[in-house]
2 protein chains.
Amino acid sequence: MQLVSLDDIRAAAGRVRGQVLRTPLLPAPWADSDRPLWLKPELLQVIGAFKLRGAVNALAALGERATGQGSARQHVVAYSSGNHAQAMAYAARQLGAPAHIVMPEGTPQVKVDGTRRYGAEVVLVPLAERESTAYRLVDELGAVLVPPFDHPDIIAGQGTAGLEIGEDLPDVELVLVPVSGGGLASGVGTAVKALCPNATVIGVEPELAADAADSLRAGHIVEWPAQDRARTIADGLRAQPSELTFAHLQAVLDDIVTVSDDEIREAMRVLATGSRLIAEPSGAVPLAAYLYRADDLPRGRTVVVLSGGNVDRAMLADVLG
Amino acid sequence: MQLVSLDDIRAAAGRVRGQVLRTPLLPAPWADSDRPLWLKPELLQVIGAFKLRGAVNALAALGERATGQGSARQHVVAYSSGNHAQAMAYAARQLGAPAHIVMPEGTPQVKVDGTRRYGAEVVLVPLAERESTAYRLVDELGAVLVPPFDHPDIIAGQGTAGLEIGEDLPDVELVLVPVSGGGLASGVGTAVKALCPNATVIGVEPELAADAADSLRAGHIVEWPAQDRARTIADGLRAQPSELTFAHLQAVLDDIVTVSDDEIREAMRVLATGSRLIAEPSGAVPLAAYLYRADDLPRGRTVVVLSGGNVDRAMLADVLG
């Protein structure tokens with residue numbers, strides 16, 4: 001299987017420049033002195049999550065390949081109720097492509113509104129018809145389906161966050177990154193291992209959705225029932241890797257550690273009071289590992305990727321209260 | 001009176017580089033379409049506020065002037081219970097100067113601890129003895145007192161935020177900046193007016209501490225009793241300009257508008273849910289003007305300076321709840 005390379009990620013960096021925030025590394029003065037900590041705040045992206053990197057890269061790469069095929073604008077389709085939906089909507093508007101986002105009925109209105117705000121057409125269907133509706137739209141419109149993680153262009157796009165870490169802190173010793181479908185961990189791990197071969201890259205999962213940790217140990221994909229994965233508060237980490245992302249995780253992750261939902265909540269509080277940032281539960285997962293799995297981690301200069309911050313106010317007030 | 005110039009601010013930018021975060025301009029997708037909004041998140045500075053810019057510049061400039069006077073390390077003294085205390089403590093540690101911070105008894109422990117964390121000696125005294133203690137330390141130690149705003153080096157340091165705005169968004173049409181002692185507004189206004197002569201720069205104050213608004217209208221400093229200024233929730237905006245900063249405000253501000261405490265709280269909520277940032281009340285004041293004083297402001301590309309984010313968790317939970 002062909003894995004995404006550093007060159008692919010560098011090409012992605014060229015495509016996303018100016019469309020995606022180059023997030024700064026923020027030093028955390030409340031960290032332990034023998035393992036200084038920097039935060040990579042992807043929650044500052046305009047849509048609130050790293051997903052914009054992959055979406056912009058995928059659509060821009062699509063545009064490059066379509067050059068010479070006439071000027072008809074390529075329609076794009078995605079199915080997602082999460083950050084990928086808003087990322088696709090925003091990226092499509094930036095690049096001038098009509099976007100159709102299929103969402104399950106019952107998706108919180110705030111997420112539907114957020115996606116429509118960027119001009120995407122939202123198609124609400126019963127959960128079971130989500131995929132079939134997306135493929136029907138692809139056929140009807142001659143559109144391209146952009147998956148949330150199972151694609152080299154998505155992995156390369158997410159990897160631009162790792163490229164920035166390697167450029168900004170070349171002597172980084174440990175990078176902690178959340179794992180769900182594995183697009184972010186695959187891309188960041190690939191870039192960091194290529195630029196900083198001595199750095200350890202560790203994935204972090206919720207205990208309640210630890211399918212990737214099980215899979216890495218077993219050496220093959222271990223499926224967890226969706227209803228089990230749905231238990232964690234970290235609603236962005238309930239997907240599981242594809243064959244493509246799992247092959248990357250095997251190649252670039254040194255380990256996966258897991259954290260409890262209580263530890264995730266506490267990490268959200270530490271971020272809010274210590275660094276004035278609001279992470280969604282999924283975004284706080286790697287910080288929970290830094291705080292509560294110190295014995296399982298190498299000491300030294302550490303970067304934690306805060307993947308997203310889209311949390312509704314009621315949950316936030318509950319966590320902070 | 002000699003005012004701080006763009007050249008002074010450029011010199012300050014050279015001194016603070018690498019010591020202070022060059023904060024990105026964050027687009028706010030929830031803004032009105034005819035007046036797009038960018039946030040300048042000074043709350044992301046390591047000490048949680050812009051004050052680090054002035055403190056680092058003042059201490060570095062002090063070091064330059066002392067060159068050739070032997071190698072004895074210059075002690076520095078400040079009196080503050082707020083963000084200036086932590087800024088001075090952090091800046092002094094970075095530059096290798098012993099710092100002594102005089103704080104009134106009763107200062108919240110979190111602020112005392114935050115200042116000590118950076119290695120400063122905290123001297124707790126009754127409120128009435130704060131200044132006299134600081135001057136005694138200056139005499140005893142041969143130290144230098146660094147004031148929170150009433151000094152050209154502080155104004156030039158804070159102005160580096162304005163320099164960055166002018167560099168990153170040269171066609172900015174409106175900059176909203178909070179006004180208290182006036183160091184930030186003086187520096188930012190000076191830089192923005194020099195780089196973007198067509199931009200409007202408007203200061204924002206709480207209605208409950210609107211002494212600078214009164215002063216600007218009267219054409220001379222109008223004093224408000226300290227107990228009146230103490231009413232606003234925006235605890236960072238209770239100081240009043242000095243002659244030096246007032247001269248700058250007269251020169252560079254087009255106007256000052258005021259906002260209510262309820263509007264400040266609502267602006268904190270909008271920031272948290274819309275942009276995943278925690279501002280302290282003072283830091284949210286200019287956004288409150290954007291949200292609730294639209295009729296008093298020119299339309300067009302707007303930058304709001306989010307000056308700080310040091311708010312305790314109880315207040316935060318109360319505001320967000």
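Here is the naming used below: chain letters follow the sequence lines, and residue numbers restart at 1 for every chain.
In terms of modelled atom types and a separation under 3.5 Å, the side chain of A:Arg276 and the main chain of B:Leu43 share a donor-acceptor contact.
Both the backbone and the side chain of A:Leu277 come within less than 4.5 Å of a heavy atom of chain B. For B:Asn310, the parts sitting under 4.5 Å from any heavy atom of chain A are the backbone and the side chain alike. For chain B, the nearby part of A:Arg269 is the side chain; its heavy atoms alone come within less than 4.5 Å. Contact annotation for B:Tyr118: only side-chain heavy atoms (C-beta onward) come within less than 4.5 Å of a heavy atom of chain A. Contact annotation for B:Gln45: only backbone heavy atoms (N, CA, C, O) come within less than 4.5 Å of a heavy atom of chain A.
Note: A:Leu44 leads A:Leu44, A:Val319, A:Leu25 in heavy-atom pairs under 4.5 Å with chain B. For the options A:Pro29, A:Gly309, A:Gly321, A:Ala317, heavy-atom pairs under 4.5 Å to chain B are most numerous at A:Pro29. Interface summary for chain B: among A:Ser275, A:Gly274, A:Gly48, A:Gly114, the most heavy-atom pairs under 4.5 angstrom belong to A:Gly48.
Within the 4.5 Å cutoff, the side chain of A:Ile278 has no heavy atoms near those of the B:Thr273 side chain.
Of all the heavy atoms in A:Pro27 and B:Val46, the pair that sits closest is O-CG2, 3.9 Å.
Residue-environment remark: CZ (B:Arg17) stays at or below the threshold of 12 foreign heavy atoms within 6.0 Å.
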